[in-house]
Amino acid sequence: MRLATWNVNSVRARLDRVLAWIDRSDVDVLALQETKCKDEQFPEQAFRDAGYEVAHHGLSQWNGVALLSRVGLEDVSTRFSPDVPAFGDPAVVEARAVGALCGGVRVWSLYVPNGRGLDDPHYAYKLLWLEELRRAGASWLAQDPGAQVALVGDFNIAPQDEDVWDVDVFAGATHVSEPERAAFRGLLEAGYADTVRPFAPGPGTYTYWDYTQLRFPKRQGMRIDFVLGSPALQARVTGATIDREERKGKGASDHAPVVVELDPNA
DNA sequence: ATGGTTGCTCCGCAA
């Protein structure tokens, strides 16, 4: 079974490219982030025609997450906890998570808040959101240590110095701050491992390149998209790739798809 | 040449 995550940065602007990528990547489950549309605007039929069941959660032109699966899509939820932090006035739980049982794996497509700046209210919100995710993730494994759970998506955190092209450039910025990295470590300590890094080690291995400043051709990126797996899921991982090719050319998302191969017999 | 983006929606904001 092939499981992938991809921040597509608008599913409508990139539909042809997403369909083409699905076709050649042969994924069974694809988690999308930043679909940038409401449910009624999501091109559900195009993915159904490609053979996938669809769960989308979008409330506005911002955020938006989806799961596509051709190995079953059951028990869909848009809240990983009853206490997912809300943001704004009025406070709203944003469209940043959708989970479902796909082929025996509980998959969560996650779009972690950006944070914007260390003194921005979005930064505190980001840390709260991550802490609630950690709490929820830990509780699932406390209930069932053998659960196959995948927390996948755009975490908007570069956990290690080598996950950015020049750590000095990010001094005082989000994505690399110690509280964010501690929040990410909290997920690891709860039992979820980075299933991709062993197969795609750094330095210089990234999943995102800013559109500006010619970051992609200069190979100046960030590793901020992850497939975190529970122990039972980790045991099934036989390989992983970051599809850097997909970042090339006209009309590319600023993020590359991240793919994990799972042993079907485990 | 010292810059060089994209998507949404409406001309600013978010990333």
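Quick note on labels: first sequence line is chain A, next is B, and so on, each numbered from 1.
Within 4.0 Å (heavy atoms only), Lys218(A) reaches at least one base atom of the nucleic acid. Backbone-only contact: Ser10(A) has heavy atoms under 4.0 Å from sugar-phosphate atoms and none from a base. No contact: Arg215(A) has no heavy atom under 4.0 Å from any strand. Residue contacts shown for Tyr111(A) are limited to sugar-phosphate atoms, with no base heavy atom under 4.0 Å away.
Using atom C1' as the reference point in both dT6(B) and dC10(B), the two lie 16 Å apart (nearest Å). One P atom belongs to dA14(B), the other to dT9(B), and the distance between them is 14 Å to the nearest Å. Comparing the C1' positions of dC11(B) and dG7(B) gives an interatomic distance of 14 Å, to the nearest angstrom.
Here Arg197(A) pairs with Glu162(A) in a salt bridge; the nearest charged N to carboxylate O distance falls below 4.0 Å. One finds a salt bridge joining Arg17(A) and Glu246(A) here, because a Lys/Arg side-chain nitrogen approaches an Asp/Glu carboxylate oxygen to under 4.0 Å. A salt bridge links Arg70(A) with Asp28(A): at least one charged nitrogen is closer than 4.0 Å to a carboxylate oxygen. Between Arg96(A) and Asp154(A) there is no salt bridge, since no side-chain N of the basic residue sits under 4.0 Å from a carboxylate O of the acidic one. A salt bridge between Arg106(A) and Asp75(A) is present, with a side-chain N of the basic residue lying under 4.0 Å from a carboxylate O of the acidic one.
With hydrogens and angles left out, the side-chain atoms of Asp243(A) and Trp6(A) include no donor and acceptor closer than 3.5 Å.
Between Ala13(A) and Leu214(A), the residue anchored nearer the 5' end of DNA chain B, judged by the nucleotide with its closest heavy atom, is Leu214(A). Residue Ala252(A) is the one, among Asn156(A) and Ala252(A), whose nearest nucleotide of DNA chain B lies closer to the 5' end (criterion: closest heavy atom).
Contact check for Tyr111(A) versus Asn156(A): side-chain heavy atoms found under the 4.5 Å cut-off.
Residues from residues 56-63 of chain A with heavy atoms under 4.0 angstrom of DNA chain B, sorted by number: Gln61(A), Trp62(A).
Along DNA chain B, the stretch of nucleotides lying under 4.0 Å from any heavy atom of chain A spans, 5' to 3', dG4(B) to dA15(B).
For the side chain to side chain donor-acceptor pair (under 3.5 Å) test with His255(A), the passing option among Asp225(A), Thr207(A), Thr5(A), Asn9(A) is Asp225(A); the others fail.
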After noting the C-alpha distance and the side-chain angles of Asp120(A) and Lys126(A), does the key distance pass the salt bridge (charged side-chain N to carboxylate O under 4.0 Å, His left out) rule? CA-CA 10 Å; Asp120(A) 193 295; Lys126(A) 178 181 193 173; over 6 Å; no
